[in-house]
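Read the structure below first, then the notes.
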Amino acid sequence: MVSEITENNFLNNLNESQQEATLYNEGASLIIAGAGSGKTRVLTYKIAYLLTTGIQPYRILALTFTNKAANEMKERIAQIVGKKITWMGTFHSVFSKILRQHAELIGFTPQFTIYDSSDSKSLVKNIIKTMNLDEKIYKPGNILSKISMLKNHLISPTAYEADYQNQQNDYLKKIPEFYNIYKQYVERCKHSNVMDFDDLLFNTNLLFSSFPDVLQQYQELFSFILIDEYQDTNYSQHLIVKALAAKHQKVCAVGDDAQSIYSFRGANIDNILTFQRDFPNCKLFKLEQNYRSTKNIVDAANSLIEKNNHQIRKTIFSENKRGNLIELINSYSDFDEAASISSKIRQILRLNDYNYSDFAVLYRTNSQSRVLEDAFRKNNIPYKIYGGISFYQRKEIKDILAYCRLTINKNDEEALRRIINYPARGIGDTTQIKLFNAAHSYGTSVFEVAETPTIFNVKINSGTQKKLLDFTKKIEEYTLFYQANDAYASVEKIIKESGIITDILTDDTPENISKKENIDEFLNMVYEFCDRKANEGESNISLTDFLAEVALFTDQDNENEEEQNKVTLMTVHAAKGLEFKNVFIAGLEEQLFPSALCQTPSELEEERRLLYVAITRAEDNCILSYAKSRFRNGQTQFSNPSRFIKDIDSQFLHQQQEYTTFYGRETTNTFKEYRSHTSKIISIHSPQKNIETTNSTPISTNNDEIQVGSKVIHALFGKGIVVDLEGHGDERKAKVEFQTRGTKQLLLKYAKLTITE
């Protein structure tokens, strides 16, 4: 090993465990990489090392979960060994490339286009509408999620129909027509020469299982296979890896079972837990040194995750400074919680050399962001919501992409539906319905019907016929142009001549100026794509190539605000793979985190892994927070602290000193007291005026005097009448029906109710 490391000086940058994992390439290996352990570095160096052993770049297959990760590793590998790896990218991008080379074998053409989630949902909605079904029962989002789960388990409509139990389940769930929706969805996609994200994996499995010679071609081509984030793979992805690695058995899976949090997307933790069983001679490596976080953060996270039974045991450690204990904030309400987090951010900024961008607030559900945003605005704290609308989901960008998709694939119904009358050209809904009905009736494309409507007995006037002909001629012109020009020239022509830019520039409102800037940015991205491909040695960089890549971008690939100095607000799921100096985790309450949807032990273990991921995003400081009451579903609900707080060893936790700004009072409450339930839970409050309760003694009435029927006044909600009472002592609650603010449930200890006549 010493001679190899000396010869490859770049390996000196690795610790001993990382070196061992990098240098072993005799057979299958599983690298369990704990949070912050340098997983990406090991994967990058392992590929670089393989290239130094004489393996040709095109014989290495490396699979990631984001294009951003793949591109960064490609660049780093090129810097280390001066070679560029050919087959590296996301599962979807790599296998879409393979599918284009063999598309005809499974009934598609190489020009197939790819539906994103919004396109797929639009198609489902149209099918539901055509079948005259109730969208309130057949909810498009739910139907699409079920279709996705079936595809990821390789269950086709035919296989689904063959299982009588499926029909029974659908009947009980009051969606007996699901099978027909699924069948039509698949048929419409194939007819439109379109695949959705799940099809890219489903059809790869279909290709390999139906055509063994094609599978053998790629088994022989890839002498070494590496997969990042293996804990996030689903059943379909796992089967592809097993099939491709069957010949050489030289496959390396990298991941961390403790960070498996995507079962709702179909990810199967058993893929990584049973990897050694699937590859019997597999060698296990563990990367256990965390380079990211302080000792206290790492130790606290370890004490939490060790409560899970279903895992590969490891001991993560840090040689960084001991650092601050993990702080625990408890608040009376979610409004107080948001104010406390705002106050704490300002306090940390005052005492340390941090920027706003060094802070992240993580939460279990998107709905929690509203009160946080309100508090941040009131305290002049700049913030951004991570995972908001993607750049590629903006209307003006989707419109351009639809023109591009129709240009290369005239069977793409959803693309045509989007732009046939945009910009407005007088082809209304009635005409469109006639076109689509005729196309489905004759078994042809809507575009072909639009070109020659009279042949298909579409009854429209001559003026409408001319409008349709002008539209189809324009698309045909774009098609001829793209076949002879690169992607940038093609997109530039479409933007200039489609009328989109003219429509946007009709006025100079801020919204339209923003749209124009987005289109300019989109053109820049096409140029950069062409430039990158040219530097990689490709000569024919077509619109098809660009669409194939852009269709598979993820939210992380599209992140373009990293340079801005703002606090990041995001769900824990979205935070995976990221890191921040200071991390707040809000809403650590039962029925919220863990989720109320958690029903089984395995689901509870995933929720615990989710908190583990959240804690290990932090480098310097981690602050946990929970509220005793939260406004949810139109009413105030009282809750208990999350059971996960007790899972963390108390030696790594500190109940911070808490401040009450209403009366200038300062009180403290230790975590030890909280755990023993021998002390009061003290609220943190802000000076804001729009919270339901305050931390003061009632100023005019003994709470025992309040009875059902009492007329009362509340400082914020005004006059009301008590309609119900429950609980005793400090836990006594009143349901009050206010004249102007509806019914509220208030804890009398804090409510400051005054009895009136």
Side-chain angles (χ1 to χ4, degrees), residues 1-89 94 221-230 245 248-256 281-293 298 314-321 532 535-537 577-579 619:
M1 180 187 295
V2 175
S3 61
E4 288 181 279
I5 295 173
T6 303
E7 185 177 339
N8 298 282
N9 291 329
F10 61 88
L11 296 178
N12 292 324
N13 295 321
L14 304 177
N15 66 31
E16 186 174 348
S17 297
Q18 293 171 333
Q19 289 174 3
E20 289 177 356
T22 298
L23 291 171
Y24 178 76
N25 297 302
E26 301 306 311
S29 61
L30 174 62
I31 303 175
I32 299 299
S37 64
K39 168 182 65 68
T40 303
R41 169 173 285 199
V42 169
L43 194 57
T44 302
Y45 280 40
K46 191 174 185 72
I47 295 170
Y49 175 71
L50 285 170
L51 293 172
T52 66
T53 66
I55 295 179
Q56 294 300 314
Y58 65 86
R59 301 207 63 191
I60 297 174
L61 171 63
L63 300 169
T64 67
F65 274 83
T66 68
N67 288 296
K68 181 179 179 182
N71 290 332
E72 288 176 352
M73 280 195 279
K74 278 183 184 178
E75 292 176 7
R76 182 67 181 131
I77 291 164
Q79 290 173 0
I80 295 171
V81 293
K83 297 179 181 179
K84 294 186 177 180
I85 185 170
T86 309
W87 290 91
M88 185 174 199
V94 167
L221 174 64
F222 301 133
S223 60
F224 211 100
I225 302 171
L226 304 98
I227 311 99
D228 192 14
E229 305 285 12
Y230 206 77
H248 296 293
Q249 294 285 305
K250 290 190 175 182
V251 55
C252 174
V254 184
D256 182 8
N281 296 318
C282 175
K283 189 166 183 179
L284 177 66
F285 298 91
K286 296 180 182 180
L287 307 183
E288 297 177 300
Q289 182 172 354
N290 180 302
Y291 290 92
R292 175 189 301 151
S293 309
V298 170
K314 51 193 168 296
T315 304
I316 306 301
F317 67 94
S318 172
E319 293 185 353
N320 295 336
K321 62 183 180 181
R532 172 163 55 83
N535 288 332
E536 291 175 359
L578 303 177
E579 57 187 40
E619 298 178 22

Q: Could you pull out all residues at least two apart from Tyr230 that satisfy ring-ring contact (aromatic ring centres under 6.0 Å, His included)?
A: His238, Phe275
(Q) To the closest 0.5 Å, what do you measure between OH (Tyr45) and OG1 (Thr40)? (A) 12.0 Å
Q. Is the side chain of Asn290 donor-acceptor paired with the backbone N or O of Ser318 at a distance under 3.5 Å, no angle test?
A. no
Q | Taking every non-hydrogen atom, the tightest pair across Gly34 and Asp256 | A | CA-OD2, 3.7 Å
Q. When Thr22 is tested against each of Leu43, Leu14, Ile31 for side chain to side chain contact (heavy atoms under 4.5 Å, CB included), which residue passes?
A. Leu14
**Q.** Contacts of type side-chain contact (heavy atoms from CB on, under 4.5 Å), residue Glu619, not counting sequence neighbours
**A.** Arg292, Glu579, Lys581
**Q.** salt bridge (Lys or Arg N to Asp or Glu O under 4.0 Å) contacts in which one or both residues fall within residues 27-40, not counting sequence neighbours
**A.** Lys39-Asp228, Lys39-Glu229
Q) Is the closest side-chain heavy-atom distance between Leu287 and Ile32 below 4.5 Å? A) no
Q. Is a donor on one side and an acceptor on the other found under 3.5 Å between the side chain of Glu288 and the backbone of Thr315?
A. yes
Q | Check: Asn320 and Tyr291 side chains under 4.5 Å, non-hydrogen atoms | A | no
**Q.** Partners meeting salt bridge (charged side-chain N to carboxylate O under 4.0 Å, His left out) with Lys250 (sequence neighbours left out)
**A.** none
Q) Looking only at heavy atoms, which two atoms of Met73 and Thr64 are closest? And how far apart? A) CE-CG2, 3.4 Å
Q.
Applying the side chain to side chain contact (heavy atoms under 4.5 Å, CB included) criterion to Ile47, which one of Val42, Ile55, Leu226 satisfies it?
A. Leu226
Q: Given side chain to side chain contact (heavy atoms under 4.5 Å, CB included), test Phe10 with Thr52 step by step and report yes or no.
A: CA-CA 11 Å; Phe10 61 88; Thr52 66; 4.1 Å; yes
Q | Contact check, side chains of Gln289 and Phe317, non-hydrogen atoms, under 4.5 Å | A | yes
Q | N/O donor-acceptor pair under 3.5 Å between Gln18 side chain and Asn15 backbone | A | yes
(Q) For a 4.5 angstrom cut-off between non-hydrogen side-chain atoms, does Val254 reach Ile227? (A) no
**Q.** side-chain contact (heavy atoms from CB on, under 4.5 Å) against Leu221, all qualifying residues, sequence neighbours excluded
**A.** Tyr58, Trp87, Tyr218
Q) Between the main-chain N or O of Lys68 and the side-chain N or O of Asn71, is there a donor-acceptor pair closer than 3.5 Å? A) no
Q: Taking ring-ring contact (aromatic ring centres under 6.0 Å, His included) as the test, write out the residues that go with Phe224, two or more places apart.
A: none
Q | All side-chain hydrogen bond (donor to acceptor under 3.5 Å, both in side chains) counterparts of Lys74, not counting sequence neighbours | A | none
Q) Do the side chains of Leu63 and Met88 get nearer than 4.5 Å, heavy atoms only? A) no
**Q.** Any side-chain heavy-atom pair of Leu30 and Lys283 under 4.5 Å
**A.** no
Q. Listed by chain and number, what are the salt bridge (charged side-chain N to carboxylate O under 4.0 Å, His left out) partners of Glu72, not counting sequence neighbours?
A. none
Q: Any pair with a residue in residues 45-64 that passes salt bridge (Lys or Arg N to Asp or Glu O under 4.0 Å), sequence neighbours left out, goes on the list, sorted by first then second residue, please.
A: none
Q: Decide yes or no for Leu11 and Leu23: does some side-chain heavy atom of the first lie under 4.5 Å from some side-chain heavy atom of the second?
A: yes
Q | For Tyr24, all residues meeting ring-ring contact (aromatic ring centres under 6.0 Å, His included), sequence neighbours excluded | A | Phe285
Listed pairs under 3.5 Å, donor-acceptor, residues 78-86 side chains, sequence neighbours left out:
residue: Gln79; atom: OE1; partner: Arg76; partner atom: NH1; Å: 3.4
residue: Lys83; atom: NZ; partner: Leu51; partner atom: O; Å: 3.3

